[in-house]
Amino acid sequence: MKKLDLGQTLGILANVGVIAGIVFLGVELRQNNELLVAQASFARFSIERERRERVMESPEYADLVIKARSDAPLSESERLRMTVASSDILDSWIWQFRELQAGRLPDGYRSACVA
């Protein structure tokens with residue numbers, strides 16, 4: 001068997017260190033990705049919860065939604081509020097569709113928009 005000199009031994013140890021570093025980096029990246037997915041999921045949850053709270057905390061807004069759903073005539077101000085609310089929900093759905101298409105939302109993800 002051939003003896004390894006000090007330079008070869010250090011080279012082998014350095015290579016093992018590099019491989020261990022790459023493995024560690026992979027583990028860290030996976031943990032970071034899982035954290036980012038969890039943060040994005042919580043952000044989506046918060047947005048949906050804020051929409052529901054808007055209806056619960058504002059009787060005027062709830063009445064406006066009911067009035068609009070019953071096809072009652074709306075004032076200019078009411079029509080503007082419903083247009084903005086509807087645009088907000090539509091923008092959210094478009095974003096969710098794009099995220100689903102890109103594979104960044106879990107399978108079976110469903111929005112619970114109000115209005």
*asked:* Check this for me, if you would: do Glu78 and Arg81 make a salt bridge, where the nitrogen-to-carboxylate-oxygen distance has to be below 4.0 angstrom?
replied: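 So Glu78 does not pair with Arg81 through a salt bridge.
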_Under-4.0 Å salt bridge between Arg49 and Glu53_ =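 Judged by the 4.0 Å cut-off on N to carboxylate O distance, Arg49 and Glu53 do form a salt bridge.
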Reported [atom1]-to-[atom2] distance for the pair [X] and [Y], which is rounded to 0.5 angstrom:
X	Y	atom1	atom2	value
Gln39	Leu36	CD	CG	5.5 Å
Leu64	Ser75	CG	OG	8.0 Å
Phe97	Ile94	CZ	CD1	10.0 Å
Glu76	Leu80	CD	CG	8.5 Å
Asn15	Leu10	CG	CG	11.0 Å
Ile66	Tyr61	CD1	OH	11.5 Å

*For Ser87 and Thr83, run side chain to side chain contact (heavy atoms under 4.5 Å, CB included): C-alpha distance rounded to whole Å, both residues' side-chain angles, the deciding distance at 0.1 Å, then the answer.*
CA-CA 6 Å; Ser87 295; Thr83 300; 4.3 Å; yes
*Apply side chain to side chain contact (heavy atoms under 4.5 Å, CB included) to Arg54 and Asp88, showing your working.*
CA-CA 13 Å; Arg54 185 181 345 164; Asp88 178 50; 3.5 Å; yes
*Side-chain contact test, heavy atoms from C-beta onward, threshold under 4.5 Å: evaluate it for Val84 versus Arg79 and give yes or no.*
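No, too far: nothing below the 4.5 Å cut-off.
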_Run Ser92 and Arg51 through side chain to side chain contact (heavy atoms under 4.5 Å, CB included) and show every step you take._
CA-CA 11 Å; Ser92 176; Arg51 282 197 184 112; 3.0 Å; yes
_On a heavy-atom basis, which atom in Ala68 and which in Met82 lie closest, and how many Å separate them?_
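Taking Ala68 first and Met82 second, the nearest heavy atoms are CB-CE, 3.9 Å.
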